[in-house]
Amino acid sequence: MKTTTFIALLACAFPALADRVAMPAKTPASYTAECSSCHIAYQPSLLSAKDWRIIMDSLDKHFGTDTTVDRKIGLEIKTFLERHGGDPRHIGRTANPPRISESMHFVRHHHDVPSKFWRDPRVKSAANCEACHREAAKGIYSESDIAIPELRE
Ligand code: HEC
Ligand code: HEC
């Protein structure tokens, strides 16, 4: 294949990749079991290893709830999340405690969303990815899958 053709193909492939956030192939069952009952099991690359460590070290005070898990399971989940954490330079500053929905990466992708939608009864919270991204649990964040018609333009 000629280099120019290859570069052209790459350019076509990237926009498609941008709206997918992959779940690692070897996701332990414990992660989905323990971390997807109140919200989706967030894809680990959405926060950095350091952010995940802070979250996993403070499950007793998890955003107003106690979500402590068995020690061994907790260690398994923490190891998994840290290993697959995203590049901190890409994610940017988060918050304290860390939130995907307050990361610079998130803000960059959502600055066009009018603020009233974050308080919309269909959404309730920016952490509620599935309210807008129907297939968020599968890592699909493309525009065509946005659940709220007014946001699909
Ligand atoms: C009993 C319910 C519950 C369980 C179980 C739970 N969480 Fe949460 N989590 C919450 C609540 C409540 C919030 C805050 C949501 C909001 O602000 O709307 C939250 C928020 C988060 C956020 C920040 C979301 C954002 O970007 O604003 C992360 C990351 C997170 N949880 C990770 C985890 C992990 C990892 C586990 C498993 C160890 C877990 N959660 C298990 C209730 C839970
Ligand atoms: C109020 C609705 C809403 C909520 C809640 C929401 N998003 Fe979005 N998100 C959008 C819209 C609208 C876009 C822009 C879609 C587009 O134009 O491609 C977007 C874009 C994105 C993109 C970029 C997709 C691309 O095309 O490159 C990612 C990644 C993303 N969101 C992740 C998340 C995550 C993770 C959460 C939860 C922590 C979340 N979103 C919560 C509405 C929302």
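Every number for a ligand or one of its atoms is a count from 1 in the order of the listing.
- The aromatic rings of Trp118 and Phe106 sit tilted relative to each other, their planes meeting at an angle between 30° and 60°.
- Here Arg152 has no heavy atoms under 4.0 Å from ligand 2, in either its backbone or its side chain.
- Linking Ile, Leu, Val, Met, Phe, Trp and Tyr whenever their side-chain heavy atoms come within less than 4.5 Å leaves Ile91 and Met23 in two separate clusters.
- Looking at heavy atoms from C-beta onward, Glu102 lies out of side-chain contact with Val107 at the 4.5 angstrom threshold.
- Atoms of ligand 2 lying under 4.0 Å from at least one heavy atom of Ile146, given by number and element, are 10 (C), 11 (C), 12 (C).
- Geometry note: atom 8 (Fe) of ligand 1 is the vertex, His62 NE2 and His39 NE2 are the arms, and the angle is 180° (rounded to 10 degrees).
- Taking each of Ala33, Cys38, Gly74 in turn, the one with a heavy atom nearest to atom 42 (C) of ligand 1 proves to be Cys38.
- The CG atom of Asn128 sits 11.5 Å away from the SG atom of Cys38 when rounded to the nearest 0.5 Å.
- Between Cys129 and Tyr42, the shortest heavy-atom contact is SG-CE2, 3.6 Å.
- Heavy atoms of Leu46 found under 4.0 angstrom from ligand 2 belong exclusively to the side chain.
- For His110, the N/O/S atom at the shortest distance from atom 8 (Fe) of ligand 2 is named NE2.
- Under a 4.0 Å heavy-atom criterion, Ile77 is not in contact with ligand 1.
- Taking only non-hydrogen atoms, the option from Glu143, Glu102, Glu150 nearest to atom 17 (O) of ligand 2 is Glu143.
- Below 3.5 Å of separation, one finds an N or O of Ser101 facing an N or O of ligand 1.
- Of all the heavy atoms of Asp19, the ones lying under 4.0 Å from any atom of ligand 2 are found in both the backbone and the side chain.
- For Arg89, the CZ atom sits in a loose shell: 12 or fewer heavy atoms of surrounding residues, nucleotides or ligands are nearer than 6.0 Å.
- Looking at heavy atoms from C-beta onward, His133 lies out of side-chain contact with Ser142 at the 4.5 angstrom threshold.
- Only side-chain heavy atoms of Val113 come within less than 4.0 Å of ligand 2; its backbone N, CA, C and O stay farther off.
- Counting only non-hydrogen atoms, the option in Tyr141, Phe117, Tyr42 that gets closest to atom 33 (C) of ligand 2 is Tyr141.
- Distance alone, capped at 3.5 Å, is enough to place a donor-acceptor pair between the Ser125 side chain and the Ala127 backbone.
- For the ligand labelled ligand 2, residue Ser142 lies outside the 4.0 Å heavy-atom shell.
- Residue Arg83 places its CZ atom among 12 or fewer non-hydrogen atoms of other residues, nucleotides or ligands, all under 6.0 Å distant.
- Within the 4.0 Å heavy-atom shell around ligand 1 one does not find Asn128.
- Considering each of Pro98, Cys35, Ala127, Ser37, the one bringing a non-hydrogen atom nearest atom 38 (C) of ligand 1 is Cys35.
- Between His90 and His105, the ring planes lie tilted relative to each other; the angle falls in the 30° to 60° range.
- A salt bridge does not link Asp70 with Lys72: none of the charged nitrogens is closer than 4.0 Å to a carboxylate oxygen.
- Considering Ile100, Leu59, Ile40 only, the shortest heavy-atom separation from atom 26 (O) of ligand 1 involves Ile100.
- A salt bridge links Arg122 to Glu150: at least one charged side-chain nitrogen sits closer than 4.0 Å to a carboxylate oxygen.
- Here the protein heavy atom with the shortest distance to atom 41 (C) of ligand 1 is Glu34 O, 3.8 Å.
- Among Phe63, Trp52, Tyr31, the residue whose heavy atom lies nearest to atom 14 (C) of ligand 1 is Phe63.
- Using a 4.0 Å cut-off to heavy atoms of Ile55, the atoms of ligand 1 that qualify are 28 (C), 29 (C).
- Nearest protein neighbour of atom 18 (O) of ligand 1, counting heavy atoms only, is Ser125 OG, 2.5 Å.
- The part of Ala126 lying near ligand 2 is the backbone, judged by heavy-atom distances below 4.0 Å.
- Within ligand 2, the atoms closer than 4.0 Å to a non-hydrogen atom of Cys129 are 34 (C), 35 (C), 36 (C), 37 (C), 38 (C), 39 (C), 41 (C), numbered from 1 in the order shown.
- Of the candidates His109, Gln43, Glu135, Tyr141 forms a side chain to side chain donor-acceptor pair (under 3.5 Å) with just one, namely Gln43.
- Under 4.0 angstrom from ligand 2, the non-hydrogen atoms of His133 all belong to its side chain.
- Under the side-chain contact (heavy atoms from CB on, under 4.5 Å) rule, Leu151 has a single partner from Val113, Val123, Asp112, which is Val113.
- Applying the 4.0 Å criterion to heavy atoms of Cys132 picks out, from ligand 2, the atoms 1 (C), 2 (C), 3 (C), 4 (C), 5 (C), 42 (C), 43 (C).
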